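Report on the structure given below.
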Amino acid sequence: MNAVIGTAGHVDHGKSSLINALTGIHPSHLPEELKRSMTIDLGFAYFITADNDKIGIIDVPGHERFIRNMVSAIWGLDLVLFVVAADEGWAPLSTEHLNVIAALGIRQVILVITKGDLADVKQLQAVEEQSLEHFLAEMDLLPDTMVVSTKTRQGIEDLKRMIIKKTQTLSRDNESLVSTAHLYVDRVFSVNGIGTTVTGTLRGGEISVEQQLTLFPGNHLVKIRSLQSYHQTLHTALPHTRTAIGLKQVNKNLIQRGSCLVFDPNSVEISDEWVVQLNLNTSIALKKQSVVEVALGTTYTQAKCYVYADKQLARLQLNNVIPAFWGQPLLLIQQGGSHVIGSGRLIWSQALDRIQRQQLISILPEIPLYSRNKIADKAILELTLNGFTKPIDHLVKPDDVTCLGDWWIKVAVVGELSRLCTQLLAQAKQAILSNELARLTGYRLELVEVVANEMCKQGLWIKIDGAIALASMKENCLSTDLQKLFLLIEQSAKQGFDASKSQIVGIRKLLRGLTQRDLIVPTENELFFSRTAYEQIVVEVMSDRHLNEIFNVADARQRTGLSRKQIIPIFNRLERDGWVKRIENDRQVCRIYELKN
């Protein structure tokens, strides 16, 4: 099967040379890298197996100054070639790289002892034993070992066969949660004739030319113009391949390393506040409150970190939003430094109140850090904290949960949501759209809609042109067209809605309908006011006046801030309603305005 693998290990231990020996491609692409013989940014190469599987290889920087680039590569690897030079043995950065691999939960590793021609058998055995001791201590893992020499090509073909064998039997259980196609960008550039192009490791599903994706952050819809993988132009790109995507009419400045292209935008967590379940083995150095750098996908950002629940959880307030997926592993790096001081996985992407924090702490034992049952874990978490989730086939529905539409919802949540909506509907003078109810209640639109369907089945609510109302308000409800026009008139406030300038089809009939319901007040010159706006003007014009008082247009304009064009129709309406009578160009008070308690 296709796979993307990568190197890890101390600087100058032969990672780039190893990739060159395996593929015939030197992964360095920056002139400075070739000049200094040191990998700075990510490098890429590949080889094709006899079964036509594509094995992409990412060359990872070994120097501590480029640890963030190293982390950017590791996130999407199926297998790691952990390189230790035979003449130097285990080195300080070897431990740092091993910690990163362990923290990200990567278990498929081959220990590659390079420069085998520079050591005797005794030295090779010592390096292997020392390296395996570190693997046992840090990962409780004994990886397969291969000794190679890029100079003599000792072991290169055997290593290649081992890579192919391991990639053919890869277990990808950890990806079951993110089943949608997604690609974290690690490079963005412009190509003549194509335009903005990005590269990265495609995971989760295939993508095709002309398909629409969503770009995060920003939630921009983009369309695929072209696809290329390993120098081949494709119509469809398969997951677990290095993929270049040409995008249609997308400004290059909208994209940077760390941006994410996703087929299903609903699968992405977008928030500047995360709750992270910490890996206790790697988070010992974390302080209770500190500033850290958060590395996830192919990017990183600073964050304020608050550790609680005996270092089981951390609340992260991110400086910049990073697109993420539930359960995704992440690293915490020392601010301004090069040391990994913590790791964990994302389990929540919004603020939690005190009660929810306690609920989360109580349920942590049921969601182990490296669980193979991530979908069920997420469902349990969502039911506990939100009160609803999508049904899970192998999860028994709790007794306090009901099934409505495509959702499991706690009975208490159904009751609370229906109560809130009923209260809002009772206060409204017209039917309310579902998305407005969702906004006002703070619940997801899909939940509002399934609860509305249930309430309509019970005859307690009704639907009118897609909007919702209480069944008792059936005769007084507004259609969607009436609602839209009424909203426009409400928005015009004291300025009034000039119907003579409107292009709305059938507006006369709609205005009559709103007038008959006493929701709007017509005046001369086709100027209409909402009942609320008109009553506000009455207060401003008539309050604090005594019976038979004479006042003029200028006085009314000063009180209301309206123009003469608006005041004259208002005066005539006030006269019609019995507030004033006209005396030449002035108005005389006919009844006193009394404030309502």
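Numbers here are sequence positions counted from 1. All values derive from a computational prediction rather than experimental measurement.
With values rounded to the nearest 0.5 angstrom, His220 atom NE2 is found 10.5 Å from Thr214 atom OG1. Here the straight-line distance linking atom CG of Leu278 with atom CG of Asp310 works out to 11.5 Å at 0.5 Å rounding. Taking CD1 of Ile380 as the start and CG of Leu383 as the end, the distance is 8.0 Å to the nearest 0.5 Å. Taken to the nearest 0.5 Å, the CD atom of Gln108 stands 11.5 Å off from the CG atom of Leu81. Between the CG atom in Asn2 and the OG1 atom in Thr49 there is a gap of 8.5 Å [rounded to 0.5 Å]. Between atom OH of residue Tyr230 and atom OH of residue Tyr46 there is a gap of 9.0 Å, rounded to the nearest 0.5 Å.
Between Glu210 and Arg225 no salt bridge is recorded (no basic side-chain N to carboxylate O distance below 4.0 Å).
Using a distance-only test at 3.5 Å, with no hydrogens or angles considered, a donor-acceptor pair links the side chain of Thr197 to the main chain of Gly195. Listed for the Gln168 side chain is no donor-acceptor partner under 3.5 Å among the backbone atoms of Lys165. Put simply, the side chain of Thr389 never gets that close to the backbone of Trp408: no donor and acceptor are under 3.5 Å apart. For the pair Ser259 (side chain) and Val185 (backbone), a donor-acceptor distance under 3.5 Å is absent. Formation of a donor-acceptor pair under 3.5 Å by the Asp264 side chain with backbone atoms of Asn266 is found in this model. Side-chain atoms of Tyr300 do not come within 3.5 Å of backbone N or O of Ile333 as any donor-acceptor pair. Between the Thr243 side chain and the Thr241 main chain, a donor and an acceptor come within less than 3.5 Å of each other. Gln123 places a side-chain N or O within 3.5 Å of a backbone atom of Ala86 that can act as its donor or acceptor partner. Side chain of Ser149 to main chain of Gln154: no donor-acceptor pair is present (N/O by atom type, distance under 3.5 Å, no hydrogens or angles). Side-chain N or O atoms of Lys304 include none that pairs as donor or acceptor with a backbone N or O of Leu318 at under 3.5 Å.
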request  = Decide side-chain contact (heavy atoms from CB on, under 4.5 Å) for Asp53 and Thr167; before the verdict, give the C-alpha distance in whole Å, the side-chain angles of both, and the deciding distance to 0.1 Å.
outcome  = CA-CA 10 Å; Asp53 291 329; Thr167 56; over 6 Å; no
message = Tyr306 vs Lys288, test: side-chain contact (heavy atoms from CB on, under 4.5 Å). Steps then yes/no.
response = CA-CA 6 Å; Tyr306 304 90; Lys288 192 168 185 180; over 6 Å; no
request  = Give the C-alpha distance, both sets of side-chain angles, the deciding distance and a yes or no for side-chain contact (heavy atoms from CB on, under 4.5 Å) between Trp274 and Leu296.
outcome  = CA-CA 12 Å; Trp274 292 351; Leu296 179 143; 3.9 Å; yes
key: Candidate pair Val4 and Ile55, rule side-chain contact (heavy atoms from CB on, under 4.5 Å), full reasoning   = CA-CA 6 Å; Val4 177; Ile55 310 295; over 6 Å; no
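Residue Gln249 places its CD atom among 12 or fewer non-hydrogen atoms of other residues, nucleotides or ligands, all under 6.0 Å distant. For Leu221, the CG atom is densely surrounded, since the number of other residues' heavy atoms within 6.0 Å is greater than 12. Taking a 6.0 Å sphere around NZ of Lys248, one finds it holds more than 12 heavy atoms contributed by other residues, nucleotides or ligands. Within 6.0 Å of the CD atom in Gln350, the count of heavy atoms belonging to other residues, nucleotides or ligands exceeds 12.
Side-chain contact check for Asn251 versus Thr196: every heavy-atom pair is 4.5 Å or farther apart. Within the 4.5 Å cutoff, the side chain of Met146 has heavy atoms near those of the Met162 side chain. Taking the side chain as every heavy atom from C-beta outward, Ile194 and Leu247 never approach each other to under 4.5 Å. Using a 4.5 Å heavy-atom threshold, the side chains of Val276 and Leu313 count as separate. Using a 4.5 Å cut-off on side-chain heavy atoms (C-beta onward), Ile164 and Phe47 make contact. Using a 4.5 Å heavy-atom threshold, the side chains of Glu138 and Asn99 count as touching. The closest side-chain heavy-atom distance from Leu183 to Leu213 is not below 4.5 Å. Residues Phe44 and Arg187 meet the side-chain proximity criterion, which asks for heavy atoms closer than 4.5 Å.
A side-chain hydrogen bond (donor to acceptor under 3.5 Å, both in side chains) with Asp186 is found for exactly one of Thr298, Thr199, Thr201, namely Thr199. A salt bridge (Lys or Arg N to Asp or Glu O under 4.0 Å) with Asp78 holds for exactly one of Lys166, Lys54, Arg203; it is Arg203.
Of all the heavy atoms in Lys15 and Asp59, the pair that sits closest is CB-OD1, 3.8 Å. Looking at every heavy atom in both residues, Ala324 comes nearest to Leu346 through CB-CD2, 3.6 Å. Summarising the geometry of Val147 relative to Gly116, their closest heavy-atom pair is CG1-CA, 4.0 Å, with the distance given to 0.1 Å. Across every non-hydrogen atom of Ser343 and Leu331, the tightest pair is CB-CD2, 3.7 Å. When all heavy atoms of Glu128 and Leu111 are compared, the pair lying nearest together is O-CD2, 4.5 Å. Taking all atoms of both residues into account, the shortest heavy-atom contact from Cys305 to Val292 is CB-CG2, 4.0 Å.
Of the N and O atoms on the side chains of Asn20 and Thr150, not one donor lies less than 3.5 Å from an acceptor on the other residue. A side-chain donor-acceptor contact under 3.5 Å links Glu269 and Ser349.
The aromatic ring centroids of Trp90 and Phe82 lie less than 6.0 Å from each other.
In this structure, Lys252 fails the cation-pi test against Phe189, since its NZ or CZ atom is not both closer than 6.0 Å to the six-membered ring centre and inside 45 degrees of the ring normal.
Applying the side chain to side chain donor-acceptor pair (under 3.5 Å) test to Asn320 and every residue at least two apart in sequence or in another chain returns Thr301.
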